[in-house]
Amino acid sequence: CCDAEGRRGAASLAYICIRKEIGSNDMEKETVSIYTIAKEAGVSPATVSRVLTGSARVSEEKRVRVQALIEKYNFMPNALARGLSSVETKVIGLMVSDIRNPFYATMVVECEKAANARGYLLMLCNSLGSNEMELSYLEKFYSQRVDAVIQIGGKVDELVSDTRYVESINKVASSMPVLVTGKLDGADCYQVNIDEGQAMELLIRFLIENGHQDIALIGGRGDVKSTVDKRLRYRQMLWKFGIPVREEYIADGDSYDIESGSQAMRQFMRQDHPMPSAIIAINDFTAVGVVRTLREAGFRIPEDISVVSFDNTYIAETCMPRLTCVGYDYRMFGELLIDTAIRGIHREEPPRVQMVKSRLVIRDSCKCLND
């Protein structure tokens, strides 16, 4: 196995070791691997790997438990395979939910530029909202022996983590760093997240300073963590400024696209309650749908109703009127993801959780009521 494919194949066998007799019949034997030890010890395969490499990131209690099993099975990692597994492919796997969304498209471009500048190639996959595709792509990244995996959107956005998916992530994380821009409870991965609460606080403060108190929040789903975080801070900020929270002013959307924004706005307008003076859309796509529906109903933006949103993608600049919104330094965001991945590849132990701050961009879609 002297070619690249052979090296990757050998690397995938890293840490598979001796066979242990489990009966009197010499033919009845069991292959012991880090997965065998991890399951019996009640820890992740990555934890077993850290014990083997002497990492300091393992609690003493877990280290003792794993070490006892290593000695019990006389577990000896295959030195050749372990050496081959450290050979970099210079490829980073990047999985996004849907590149047609301008947020994901912008993130991919910035990640690719950052990776290329550092001598790495991105392997891009779109899950298109399919749980099975996410699992399939994870397996492909794992089998291709990429150096690291980054996931933006999809299962990592869920409020309640899928244990089956967590197990799949941990399998991959036992061989390479995994980064997510959300959260996976129980997963051995790095997190680089947007500070959703800080983003909402910027918008609420801006609207209140401009005289708005009847503020609606349109779009998003209650099973998506980023949306839940925004809604929590929305309520908190209104309470802080002494403004009653009207639950009917928080409207769900089926998705995060333009049509979902239109549908959520239409449903909101069918309800028997006064229209707000300002609407916060859950993202730029949703804002376009909100603006379209308001115009169809005869409302002027911002003369009658102000509209603001999150993300500050190119959609915000091209929408009419141009959207006031909070966004992020996408170049810095992409570089942070890639740099964290590379530090993980080189075992430099980057921070487990890092937060990305937002910034307010004021354009034409919000009216000041104080004039």
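The structure presented is a predicted model; accordingly, all values stated were derived computationally and were not measured.
Because its NZ or CZ atom is not both nearer than 6.0 Å to the ring centre of Phe333 and within 45° of the ring axis, Arg331 does not count as a cation-pi partner of that residue.
A heavy-atom distance below 4.5 Å is found between the side chains of Leu294 and Ile279.
Under the salt bridge (Lys or Arg N to Asp or Glu O under 4.0 Å) criterion, the residue pairs touching residues 280-292 are Glu259-Arg292, with sequence neighbours excluded. Residue pairs satisfying the ring-ring contact (aromatic ring centres under 6.0 Å, His included) criterion with at least one member in residues 293-319, sequence neighbours excluded, are absent. Sorted by first then second residue, the ring-ring contact (aromatic ring centres under 6.0 Å, His included) pairs that include residues 243-285, not counting sequence neighbours, are Tyr249-Phe268, Tyr249-His273, Phe268-His273. Screening residues 186-230 for ring-ring contact (aromatic ring centres under 6.0 Å, His included) gives no qualifying pairs among residues at least two apart or on separate chains.
The residues Arg352 and Asp188 are annotated as salt-bridged, a charged nitrogen and a carboxylate oxygen being separated by less than 4.0 angstrom.
Residues Val64 and Leu69 do not share a hydrophobic cluster, clusters being chains of Ile/Leu/Val/Met/Phe/Trp/Tyr side chains in contact below 4.5 Å. Val109 and Phe103 are assigned to two separate hydrophobic clusters, defined by single-linkage of ILVMFWY side chains at heavy-atom distances under 4.5 Å. The hydrophobic clustering, which links ILVMFWY residues whose side-chain heavy atoms are closer than 4.5 Å, places Ile338 and Val96 together. Under the 4.5 Å side-chain heavy-atom criterion for ILVMFWY residues, no single connected hydrophobic cluster contains both Leu121 and Leu179. No continuous path of hydrophobic side-chain contacts links Val160 to Leu232 [ILVMFWY only; heavy atoms under 4.5 Å].
With sequence neighbours excluded, no residue satisfies salt bridge (charged side-chain N to carboxylate O under 4.0 Å, His left out) with Asp272. Legend: residues meeting salt bridge (charged side-chain N to carboxylate O under 4.0 Å, His left out) with Asp257, ordered by chain and number and at least two apart, are absent.
Within 6.0 Å of CZ in Arg164 there are 12 or fewer heavy atoms belonging to other residues, nucleotides or ligands.
Closest of all the heavy-atom pairs between Gln151 and Lys155 is NE2-N, 3.8 Å. In this structure, Ser97 and Gly154 approach most closely via the heavy-atom pair CB-N, 3.8 Å.
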